[in-house]
Amino acid sequence: MAKQCASLRVTHRRPSCSRSGFKGVRKRSWGSWVTEIRLPHSRERIWLGSYSTPEAAARAYDVAAFCIRGQSAKLNFPESLPSIQSRDMTKKEIQS
């Protein structure tokens with residue numbers, strides 16, 4: 001019986017997207033949508049801001065992801081690439 005129970009164990013994995021359906025976007029308890037992005041090979045995050053819609057927050061995430069990772073970035077809207085050039089940018093430049 002113990003072997004059967006062990007084989008039925010369910011692993012819980014956190015989904016890569018929040019309930020918004022967009023990568024890097026989550027909803028605050030009071031209703032605003034916020035986004036942040038992690039720097040590669042680091043635990044450091046860059047705060048990107050609060051937005052009234054999940055789509056606006058997702059677009060901000062896409063711009064930051066493209067700035068940081070270039071063409072290899074996994075975007076929320078891959079069909080519409082941000083109209084900026086990918087280059088080495090400082091944290092402050094990415095936030096603005």
Side-chain angles (χ1 to χ4, degrees):
M1 184 80 162
K3 283 186 178 182
Q4 288 177 344
C5 290
S7 66
L8 295 176
R9 184 176 44 196
V10 177
T11 58
H12 296 282
R13 292 181 56 196
R14 190 172 182 200
S16 61
C17 300
S18 64
R19 286 188 212 158
S20 71
F22 297 111
K23 183 170 178 55
V25 177
R26 61 188 167 88
K27 188 174 185 179
R28 292 278 175 117
S29 60
W30 53 86
S32 66
W33 295 92
V34 297
T35 186
E36 60 189 358
I37 190 168
R38 283 187 185 255
L39 292 175
H41 312 295
S42 171
R43 298 187 78 186
E44 186 178 357
R45 297 179 192 174
I46 299 176
W47 177 254
L48 301 173
S50 299
Y51 299 87
S52 57
T53 65
E55 291 81 11
R59 295 223 180 256
Y61 177 89
D62 282 1
V63 170
F66 190 75
C67 287
I68 294 170
R69 298 183 179 98
Q71 295 292 332
S72 65
K74 293 180 182 171
L75 305 176
N76 291 303
F77 301 101
E79 65 282 352
S80 58
L81 289 175
S83 60
I84 57 171
Q85 292 184 352
S86 175
R87 61 179 177 89
D88 290 334
M89 298 179 81
T90 66
K91 187 175 169 179
K92 289 284 187 197
E93 289 175 322
I94 292 169
Q95 285 178 317
S96 58

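Since the structure is predicted, the reported quantities are computational estimates derived from the model, not experimental observations.
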Answer yes or no: is there a side-chain heavy-atom contact under 4.5 Å between [X] and [Y]?
| X | Y | value |
| --- | --- | --- |
| I37 | T35 | no |
| E44 | R38 | no |
| I68 | I46 | yes |
| V25 | V34 | no |
| R59 | S80 | yes |
| R26 | W33 | no |

Self-check item: Distance (rounded to the nearest 0.5 Å) between S32 OG and K27 NZ
Solution: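 The OG atom of S32 sits 9.0 Å away from the NZ atom of K27.
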Quiz item: When rounded to the nearest 0.5 angstrom, what is the spacing between CG in L75 and CZ in F22?
Solution: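 Answer for the CG-CZ pair, L75 versus F22, is 12.5 Å.
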Quiz item: Any link between F77 and Y51 through a network of hydrophobic side chains (Ile, Leu, Val, Met, Phe, Trp, Tyr) touching at under 4.5 Å?
Solution: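 Cluster IDs for F77 and Y51 differ.
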Quiz item: Just by modelled atom types, is the K23 backbone N or O under 3.5 Å from a matching donor or acceptor in the N76 side chain?
Solution: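 Yes: the side chain of N76 pairs with the backbone of K23.
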Quiz item: Does the S42 side chain pair with the main chain of L39, one donor and one acceptor, at a distance under 3.5 Å?
Solution: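 Looks like no, no N/O pair under 3.5 Å.
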Exercise. State, to 0.1 Å, how close P54 and S20 come at their nearest heavy-atom pair, and which atoms those are.
Key: CB-CB, 3.9 Å
Practice problem: Compare every heavy atom of R28 with every heavy atom of W47, then report the nearest pair and how far apart it is. | Solution: CH2-NH2, 3.3 Å
Quiz item: side chain to side chain contact (heavy atoms under 4.5 Å, CB included) between Q71 and F66: does it pass, once the steps are laid out?
Solution: CA-CA 7 Å; Q71 295 292 332; F66 190 75; 3.7 Å; yes
